[in-house]
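Below is one structure, written out as structure tokens; comments come after it.
The model shown is predicted, which means the values in this text are computed figures rather than measured ones.
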Amino acid sequence: MRVLDRYRSFDRPVQLLLLNQLTINLGFYMLIPYLADHLSQGLGLSVLLVGVILGVRNFSQQGMFLVGGSLADRFGYKPMIVAGCALRTGGFALLGLVDNVTTLIVASAATGFAGALFNPAVRAYIARDAGERRVEAFALFSVFYQAGIVVGPVVGLLLTGIDFTVTCLVAAAVFAVLTVLQIRALPARRGDADRGAKADRRPVLTQWRDVAATRGFLPFSVAMIGTYVLSYQVYLALPLHARTLAGEGELGTALVTALYVVSGGVTIAAQMKVTAWCRVRWGPAASLSRGLLVLGAAFVPLLAADALLVVFPAVDTAVATVVGVAALLATAALLAVGTTVVLPFEMDTIVGLARNRLVATHYGFYNTVCGVGILLGNAGTGWAIDLARSAGVPYAPWLVLLVIGLLCALALAALYQRGLLTAPDDGRTALSGPAVDAATIRMPVVDPPDDQPTQPLSRVRARERDHAAVAQTRPLADLPGALRQR
């Protein structure tokens, strides 16, 4: 089934949220990649101030995911999605219209906090409305997410060629349209409260403690940090290496662009097929650990290419560049494959461990933990690259990243073996074991259909009394298995 057919097979709210995510990333990535250049070159700010402004945006998103998730569970998913889009509308407009540092910091914080508001709410909403098709819905989510990342910078490049203010205003208009569309078309959802359960009105800190104490959730979150540290190297280590290979000029820019095209293209083309294959062959828990193995192994081409240059320093420069570029693009492709394996099952596992309680808060907590890991991982990776180059062992960072992937994969496998990636048996679907296609599921054997003529009620009651009398006089071991189960 093609992506468009799968998209149409979901209910209208899920369709709208998937389309929204594409548009959100389109608006975000048409602006953010060019923001640093605008601040430094266009406004003449120092590198320190540029770093502060960008850092505030990142912290206000990654550091506030937990707050956004709690608000979504408390007040509903739709209000947080709408509020996040509206806040980003104002933040993006300010970034293009002002040059005051204080206002720029406020605008940057607003755009970041907007993401913290709508990201957990969107994921919880999709998980709720997709039901048993959560994994498929999250696979589609990944496709739409990556499509926005691929298209956004291209549109932004064209608009920034006119003026960066135009880029900001168009991005703000995109989010303004999204805000209105969701107010008018997105049904309200409130998680458990929609299913008739009593809304959780306990203090927020109490809820956070319960989320942190959820069986298996915290160790799962820590183990999954490796996923983000490895996959985010597409935005850090790989572009830096591309500049080393091709220089800071147009060739370097073209190679960095090729990285993003390869990464997004592989995800868009392979996501649905990879997810379907993994569900049948591996199942959710095994897919997580093996996906992390793929993410770690993605750095083997770069490790081999750099080690080759150390062993054979006399290799022709042109040959070394070709080998390096091929290894770089192979790593980007393998990182994309690893991400396609992990992401749908990662999102589904969070819902399963949460047992459909405070789902947005669980997503927010998870993203906060992973955000801290990304910060530390990126800082460590940048430091390791500089140190390795000065020490004459350029392959060392790739080796470290490979080891991170192996260790996190082993950690997830250990959690699975201990039963910590499977929600306690409370009648819900377990997370372990391969998923079975709906067409092959056999319904449990139930009482055969009553094809006998309708009998008078008095006869029916007399027959029931006879059965009860027989059951009382017969040993328990002689009773049929189905009767004992009843």
Does the Asn119 side chain pair with the main chain of Gly115, one donor and one acceptor, at a distance under 3.5 Å?
yes
Looking only at side chains, do Gln207 and Thr361 share a donor and an acceptor under 3.5 Å apart?
no
Whether the side chain of Tyr34 engages the backbone of Pro153 through a donor-acceptor N/O pair (distance < 3.5 Å, no angle test) should be reported.
yes
Look up atom CH2 in Trp282 and atom CG in Leu288, then write down how far apart they are to the nearest 0.5 Å.
11.0 Å
For Asn58, is there any backbone N or O sitting under 3.5 Å from a side-chain donor or acceptor partner on Gln62?
no
Can you give me the closest heavy-atom contact between Ala139 and Thr275, atom names plus distance?
CB-OG1, 3.5 Å
With the side chain counted from C-beta on, respond yes when Val143 and Tyr7 share a heavy-atom pair under 4.5 Å apart, and no when they do not.
no
Identify the heavy atoms of Val56 and Ser108 that sit nearest to each other, and give their distance.
C-OG, 4.4 Å
Let me see the working for Arg290 and Val341 under side-chain contact (heavy atoms from CB on, under 4.5 Å), right down to the final yes or no.
CA-CA 8 Å; Arg290 293 173 184 178; Val341 173; 5.6 Å; no
From Phe28 atom CZ to Arg88 atom CZ, the distance as rounded to the nearest 0.5 Å
5.5 Å
Minimum heavy-atom separation for Cys85 and Gln182, please, with both atom names.
SG-NE2, 3.4 Å
To the closest 0.5 Å, what do you measure between CG (Leu292) and OG (Ser287)?
11.5 Å
Phe59 CZ: over 12 foreign heavy atoms closer than 6.0 Å
no
Within the distance-only criterion (no hydrogens, no angle test), does the side chain of His362 pair as donor or acceptor with the backbone N or O of Gly69 below 3.5 angstrom?
no
So CD1 of Ile350 and OG1 of Thr214: to nearest 0.5 Å the spacing works out to 11.5 Å
Ignoring hydrogens and geometry, is there a side-chain-to-backbone donor-acceptor pair from Thr267 to Gln146 under 3.5 Å?
no
Whether Gln271 side chain and Thr340 backbone form a donor-acceptor pair below 3.5 Å:
yes
Would you find a donor on one side and an acceptor on the other, under 3.5 Å apart, between the side chain of Ser289 and the backbone of Ala286?
yes
What I'd like to find out is whether the side chain of Ser142 reaches to under 4.5 Å of the side chain of Phe138, using heavy atoms alone.
no
Is a donor on one side and an acceptor on the other found under 3.5 Å between the side chain of Lys78 and the backbone of Ile183?
yes
Which heavy atom of Thr339 sits nearest to which heavy atom of Ser231, and what is that distance?
OG1-CB, 3.8 Å
Least distance between heavy atoms, Leu22 atom then Ala147 atom:
CD1-CB, 4.0 Å
Sidechain-backbone polar pair: Thr23 side chain, Leu19 backbone, donor-acceptor under 3.5 Å:
yes
Flag the pair Leu17 / Leu186 as yes when at least one side-chain heavy-atom distance between them is below 4.5 Å, and no otherwise.
yes
What is the distance from atom CE of Met347 to atom CZ of Arg134, rounded to the nearest 0.5 Å?
12.0 Å
Between Gly226 and Ile404, the two heavy atoms sitting closest are CA-CG2, 4.2 Å
Value for CD1 (Ile24) from CZ (Phe118), rounded to nearest 0.5 Å, stands at 4.5 Å
Polar side-chain atom of Asn25 near backbone of Ile149 as donor-acceptor pair, under 3.5 Å:
no
Distance-only polar pair, side chains of Ser9 and Arg133, donor-acceptor under 3.5 Å
yes
